[in-house]
Amino acid sequence: MEKTGTEILINELIYHQYLMNNGTILRRFQELNPAEYIALHTVARIASEEDIYLGKTYLKDLADKMQLSIRHTSEIVGKLRDKGLVTWAHDGNGNDGTYVEITPTGEELLNSQDSQLRAYYERVIDKFGRENLISLLQLMKQLETVMSSELEQEDKPC
């Protein structure tokens with residue numbers, strides 16, 4: 001059975017999403033998986049940018065930024081805590097929210113991971129071209145928007 005042009009595009013899209021999510025990039029991570037890295041990076045960024053929170057990143061804010069459920073975010077934060085990269089505490093009796101703070105060990109690992117990723121991606125950008133990358137990222141954002149919209153339409157009751 002011969003595939004149509006659309007079927008070929010669909011297969012290529014699925015294949016490239018797989019590669020980006022599970023393939024080559026995973027080799028660039030040291031002691032963290034990509035979700036843990038993003039969570040740790042977000043905790044560090046919020047701590048440095050949001051003076052009002054005094055270095056605290058609330059679990060709800062982290063979940064919102066990562067577009068994950070509180071439960072999934074809690075699992076990631078639990079792993080980071082178990083590795084000694086963050087502390088996890090709560091305000092008051094716990095009803096006012098739980099928060100995460102990056103530890104010195106977490107900052108050190110994050111800096112090391114950032115250096116490795118920066119070196120790799122600087123080479124990629126240099127070879128691929130800055131303008132090409134910007135165009136590609138803009139197109140990917142448009143594609144993500146269309147895909148999300150289609151998923152939302154599928155989830156709506158008829």
Side-chain angles (χ1 to χ4, degrees), residues 1-53 55-80 83 85-86 97 99-102 106-158:
M1 181 173 152
E2 190 172 319
K3 292 188 177 193
T4 66
T6 300
E7 290 172 322
I8 292 169
L9 285 174
I10 290 169
N11 287 342
E12 280 297 308
L13 180 58
I14 292 168
Y15 176 69
H16 285 285
Q17 282 184 309
Y18 165 77
L19 288 179
M20 292 303 292
N21 292 328
N22 296 315
T24 57
I25 194 62
L26 293 178
R27 290 184 286 155
R28 300 286 167 225
F29 287 88
Q30 300 167 346
E31 299 173 38
L32 301 170
N33 64 42
E36 292 169 341
Y37 168 78
I38 291 170
L40 193 60
H41 194 276
T42 303
V43 168
R45 186 171 42 81
I46 289 174
S48 69
E49 292 176 357
E50 302 290 337
D51 292 337
I52 192 169
Y53 295 123
K56 299 175 182 176
T57 300
Y58 285 87
L59 195 63
K60 170 126 179 47
D61 295 335
L62 181 59
D64 289 346
K65 293 232 185 269
M66 293 186 68
Q67 299 180 7
L68 296 173
S69 67
I70 293 289
R71 182 173 176 250
H72 193 188
T73 306
S74 294
E75 291 170 5
I76 294 169
V77 168
K79 290 176 185 176
L80 293 173
K83 292 178 181 182
L85 305 176
V86 298
Y99 62 88
V100 180
E101 294 177 294
I102 192 166
E107 286 180 20
E108 187 177 308
L109 180 60
L110 183 61
N111 289 336
S112 173
Q113 183 66 70
D114 280 347
S115 293
Q116 270 198 337
L117 290 172
R118 189 177 316 108
Y120 171 73
Y121 281 111
E122 283 175 353
R123 291 189 312 270
V124 169
I125 292 168
D126 185 51
K127 290 179 181 173
F128 187 67
R130 185 174 188 78
E131 291 304 315
N132 284 341
L133 182 58
I134 290 169
S135 295
L136 177 61
L137 292 173
Q138 290 170 339
L139 289 170
M140 287 173 64
K141 182 63 178 166
Q142 290 174 15
L143 179 60
E144 289 170 13
T145 300
V146 170
M147 291 171 73
S148 293
S149 175
E150 287 302 309
L151 286 173
E152 288 173 12
Q153 290 299 318
E154 285 181 3
D155 291 343
K156 285 185 180 178
C158 296

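Hydrogens, waters and symmetry mates are skipped; everything else that's a heavy atom, side chains included, is used.
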Could you tell me whether [X] atom [atom1] has more than 12 heavy atoms of other residues or ligands within 6.0 Å of it?
X: E108; atom1: CD; result: no
X: Q67; atom1: CD; result: no
X: K65; atom1: NZ; result: no

Return the [atom1] to [atom2] distance between [X] and [Y], rounded to the nearest 0.5 Å.
X: E107; Y: N111; atom1: CD; atom2: CG; value: 7.0 Å
X: D61; Y: T42; atom1: CG; atom2: OG1; value: 11.0 Å
X: I102; Y: I46; atom1: CD1; atom2: CD1; value: 11.5 Å
X: E122; Y: L117; atom1: CD; atom2: CG; value: 11.0 Å
X: S149; Y: E154; atom1: OG; atom2: CD; value: 10.5 Å
X: Q138; Y: M140; atom1: CD; atom2: CE; value: 12.0 Å

| message | Tell me the closest heavy-atom pair linking A63 and S69, and the distance in Å. | response |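 For A63 versus S69, the nearest heavy atoms are CB-O, 4.2 Å.
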| request: Measure across L62 and A39 and return the closest heavy-atom pair with its distance rounded to 0.1 Å. | output: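 So the two residues come closest at CD1-O, 3.9 Å.
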| message | Is there a side-chain contact (heavy atoms from CB on, under 4.5 Å) between H72 and I76? Walk through the geometry before answering. | response | CA-CA 6 Å; H72 193 188; I76 294 169; 4.1 Å; yes
Heavy atoms, side chains only, cut-off 4.5 Å: are [X] and [Y] in contact?
X: L110; Y: V43; value: no
X: Q113; Y: L40; value: no
X: M147; Y: L151; value: no

| Distance-only, no hydrogens or angles: does the S148 side chain make a donor-acceptor pair with backbone N or O of E144 under 3.5 Å? |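 Between the backbone of E144 and the side chain of S148 there is a qualifying donor-acceptor contact (under 3.5 Å).
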| Under 3.5 Å side-chain donor-acceptor pair for Y37 and D114 |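 The criterion, which ignores hydrogens and geometry beyond distance, is satisfied for D114 and Y37.
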| request: Take L85 and L32 through the side-chain contact (heavy atoms from CB on, under 4.5 Å) test and state the conclusion after the steps. | output: CA-CA 10 Å; L85 305 176; L32 301 170; 3.5 Å; yes
| Option passing side chain to side chain contact (heavy atoms under 4.5 Å, CB included) with R130 (candidates I134, D126, L133) |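 Result: among I134, D126, L133, I134 is the only option passing the side chain to side chain contact (heavy atoms under 4.5 Å, CB included) with R130.
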